[in-house]
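Worksheet: the structure to be examined is printed underneath.
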Amino acid sequence: MAKAIPRTCSRRNVLIGSRKSARRLPKGVIHVQASFHNTIVTVTDVRGRVGRVVSWSSVGTCGFKGPRRKTPLAAQTAVANAIRTVVDQGMQRAEVMIKGPGPGRDAALRAIRRSGIRLTFVRDVTLMPHNGCRPPKKRGM
């Protein structure tokens with residue numbers, strides 16, 4: 001096969017496609033999803049779109065397996081993993097969106113505060129039913 005020729009921009013002979021590592025990110029959104037058995041942390045840009053994920057981590061990728069996955073220590077480790085790469089890119093301020101009832105939500109927020117990133121606001125975006133679905137009928141015996 002032929003060797004791929006790197007594309008260059010016509011202005012200043014800059015390589016295209018190597019922008020992701022050099023991109024500076026002063027502000028972003030940290031999404032924490034804490035279920036009863038897992039905690040997933042995703043860092044996105046200011047618009048918060050899923051396609052613009054800068055960094056992510058979960059308790060399972062940090063090496064926790066089985067019953068240790070639901071502990072607050074595991075959630076702290078996942079947050080520290082996700083934020084480490086973002087701080088290297090220059091993030092100083094962040095918004096935090098927390099979703100779910102799990103045991104890792106408070107520990108995750110504590111780890112974000114300890115990381116040195118200034119928080120503009122913390123919002124709880126847990127889904128709440130407004131009277132929800134109709135329950136099943138009574139059991140006839």
query: Do any N or O atoms from the side chain of Thr77 and from the backbone of Leu73 form a donor-acceptor pair under 3.5 angstrom?
result: yes

field: Co-membership, hydrophobic cluster, residues Ile98 and Ile112, 4.5 Å side-chain
entry: yes

query: Does some side-chain heavy atom of Leu109 sit less than 4.5 Å from a side-chain heavy atom of Val32?
result: no

- prompt: Are Val43 and Val87 in one and the same hydrophobic cluster, where Ile, Leu, Val, Met, Phe, Trp and Tyr link if side-chain heavy atoms are under 4.5 Å apart?
  reply: yes

query: In Å, rounded to the nearest 0.5 Å, how long is the span from CG of Asp45 to CE of Met91?
result: 8.5 Å

message: Going by salt bridge (Lys or Arg N to Asp or Glu O under 4.0 Å), name the pairs with one or both residues in residues 126-141, residues two or more places apart or in two chains.
response: none

message: So which atom in Pro72 and which in Ala107 form the shortest heavy-atom distance, rounded to 0.1 Å?
response: O-CB, 3.4 Å

message: Are Ile83 and Ile40 linked, directly or through intermediate hydrophobic residues, by side-chain heavy-atom contacts shorter than 4.5 Å (ILVMFWY only)?
response: no

Going by atom type alone, with no hydrogens or angles, which donor-acceptor pairs under 3.5 Å involve a side-chain atom of residues 122-132 and a protein atom two or more places apart or on another chain?
{"from": "Asp124", "atom 1": "OD1", "to": "Thr126", "atom 2": "N", "distance (Å)": "3.3"}
{"from": "Asp124", "atom 1": "OD1", "to": "Thr126", "atom 2": "OG1", "distance (Å)": "2.7"}
{"from": "Asp124", "atom 1": "OD2", "to": "Arg105", "atom 2": "NH2", "distance (Å)": "3.4"}
{"from": "Thr126", "atom 1": "OG1", "to": "Gly100", "atom 2": "N", "distance (Å)": "3.1"}

message: Is there a side-chain contact between Lys27 and Thr120 in this structure, where contact means two heavy atoms from C-beta onward sitting under 4.5 Å apart?
response: yes

message: To the closest 0.5 Å, what do you measure between CZ (Arg93) and CZ (Phe121)?
response: 12.0 Å

field: Cys62 side, atom SG; Gln76 side, atom CD - distance, nearest 0.5 Å
entry: 11.5 Å

Shortest non-hydrogen separation from Val54 to Gln89 and the atoms involved: CG1-OE1, 3.3 Å

statement: OG1 (Thr61) and CG (Asn38) are apart, to the nearest 0.5 Å, by 8.5 Å

message: Show the nearest heavy-atom pair for residues Ala111 and Val79, with the distance to one decimal.
response: CB-CG1, 3.8 Å

- prompt: Which atom names give the shortest non-hydrogen contact between Ser35 and Pro103, and what distance separates them?
  reply: O-CD, 3.8 Å

message: Looking at every non-hydrogen atom in both residues, tell me the closest pair between Phe64 and Arg69 and how far apart they are.
response: O-CG, 3.2 Å

statement: Residues Val86 and Ser55: closest non-hydrogen pair is CG2-CB, 3.6 Å

